[in-house]
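All chains are named by letter (A, B, ...) in the order of the sequence lines, taking the proteins before the strands, and each is independently numbered beginning at 1.
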Amino acid sequence: MSGEAGFLTTKLDEMLGWARKYSIFSYPFVTACCGMEYMSVSCAHYDIDRFGAGWPRFSPRQSDLLLVVGTVNHKIAPVLRKVWEQMAEPKWVISFGVCATSGGFYDNYATVQGIDRIIPVDVYIGGCPPRPEMVLEGLMLLQKKIASQKQELF
Amino acid sequence: MAVESALIKFVKEKFPNFVISTHSFRNDDTIVIRKEGLKQVMTFLKTDKNTLFNMLVDITAVDNLGSEPRFEVIYHILSLTLKLRLRIKVPVEEMEAEVDSITSIWPGANWFEREVFDMFGIIFKNHPDLKRILMYDEFEGHPLRKDFPLKKQFPRIQMREVKTKY
């Protein structure tokens with residue numbers, strides 16, 4: 001019996017992972033020019049909906065994925081953290097573009113040197129701005145991570 | 001030395017005590033004036049029928065660290081009726097970094113002066129609401145001053161520890 005129970009748990013994990021990775025509701029936190037590339041990814045040419053992540057929710061409480069698109073400076077840092085805190089578990093974060101990832105060339109008085117100093121990040125996408133293909137690859141990496149991680153039941 | 005334009009000549013004759021120097025290059029006129037005469041000169045330039053500078057395009061400043069006077073506040077004005085452009089420069093000492101506000105002449109100067117105050121720490125006397133406009137209140141100092149530390153930051157929230165070397 002115990003072996004069977006163990007077998008059942010792994011299958012549940014896999015099933016939940018499969019369901020979660022194809023039903024990502026994203027929250028676009030768009031602050032800069034990377035937003036253009038985000039629009040390109042979400043619209044018909046590159047069509048992020050093919051990956052089950054086509055539905056942006058403009059409320060953090062209804063979304064699973066926080067897309068931080070663009071430069072984040074110290075003035076807006078508390079807002080980003082509050083948005084992240086308001087998201088319900090399970091939640092993931094993608095850092096979209098080099099500014100969000102490391103501050104990029106804004107190595108100055110105003111800019112946060114990478115949003116991982118504010119919130120934990122799952123996938124970093126480089127590029128200034130990243131090509132839509134790079135964004136989709138980042139999304140696929142995240143889906144791989146979601147599918148293979150331990151599924152918490154909240 | 002370029003030929004003095006009619007505009008520069010006109011202002012110079014009107015305010016011989018306030019004009020420090022002038023500069024003209026391809027119809028790009030600059031007049032450097034003493035800060036004591038700023039409001040008087042600006043009011044004249046806006047209202048006189050020969051100039052009619054009815055639009056204030058921009059206010060900015062330069063920090064010439066190491067030379068005296070340290071700062072220069074720069075006003076770009078435009079006459080829409082007479083199609084004239086003029087740049088006014090006002091030298092400002094570091095020890096007495098104050099100029100008269102010109103919000104009473106052009107109300108649009110309000111936010112420009114707040115920006116110059118925020119970035120350079122130059123006080124505008126009689127400004128209706130002189131406070132930071134770009135940076136947040138916790139920020140200390142004025143980031144476009146040349147002696148502001150290059151990468152000095154003032155985080156508003158506790159930053160997480162991150163691994164910087166792998």
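Of the possible polar contacts, one joining the B:Arg156 side chain to the A:Lys75 backbone as a donor-acceptor pair under 3.5 Å is found. At distances below 3.5 Å, at least one donor-acceptor pair connects side-chain atoms of B:Gln153 with backbone N or O atoms of A:Thr111.
Smallest separation of non-hydrogen atoms from A:Ile118 and B:Arg160: O-CD, 3.3 Å.
Atom CD1 in B:Ile157 sits 10.5 Å away from atom NZ in A:Lys82 (nearest 0.5 Å). Going from atom OH of B:Tyr136 over to atom CD1 of A:Ile76 covers 12.5 Å, rounded to the nearest 0.5 Å. One finds the CZ atom of B:Phe154 at 10.0 Å from the NE2 atom of A:His74 (value rounded to the nearest 0.5 Å). With rounding to the nearest 0.5 angstrom, the NZ atom of B:Lys151 is 4.0 Å from the CG atom of A:Asp107. Rounded to the nearest 0.5 angstrom, B:Gln158 CD and A:Arg81 CZ are separated by 7.5 Å. Rounding to the nearest 0.5 Å places CE of B:Met119 at 4.5 Å from OH of A:Tyr109.
Cluster annotation: A:Trp84 is connected to A:Tyr27 through the hydrophobic network of ILVMFWY side chains, with a link wherever side-chain heavy atoms come within less than 4.5 Å. A:Val93 and A:Leu65 fall into different hydrophobic clusters, where Ile, Leu, Val, Met, Phe, Trp and Tyr residues are linked whenever their side-chain heavy atoms come under 4.5 Å apart, directly or through other members. Grouping the Ile, Leu, Val, Met, Phe, Trp and Tyr side chains by contacts below 4.5 angstrom, directly or via other members, places B:Leu45 with B:Val73. Cluster annotation: B:Ile33 and B:Trp106 are assigned to the same hydrophobic cluster (Ile/Leu/Val/Met/Phe/Trp/Tyr, side-chain heavy-atom contacts under 4.5 Å, transitive).
In the displayed structure, A:Tyr106 atom OH is contacted under 6.0 Å by at most 12 heavy atoms of other residues, nucleotides or ligands. Counted within 6.0 Å of CG on B:Asn27, heavy atoms from surrounding residues, nucleotides or ligands total 12 or fewer; the atom is thus considered open. With a 6.0 Å radius and a threshold of 12 heavy atoms from other residues, nucleotides or ligands, A:Glu133 has its CD atom above the threshold.
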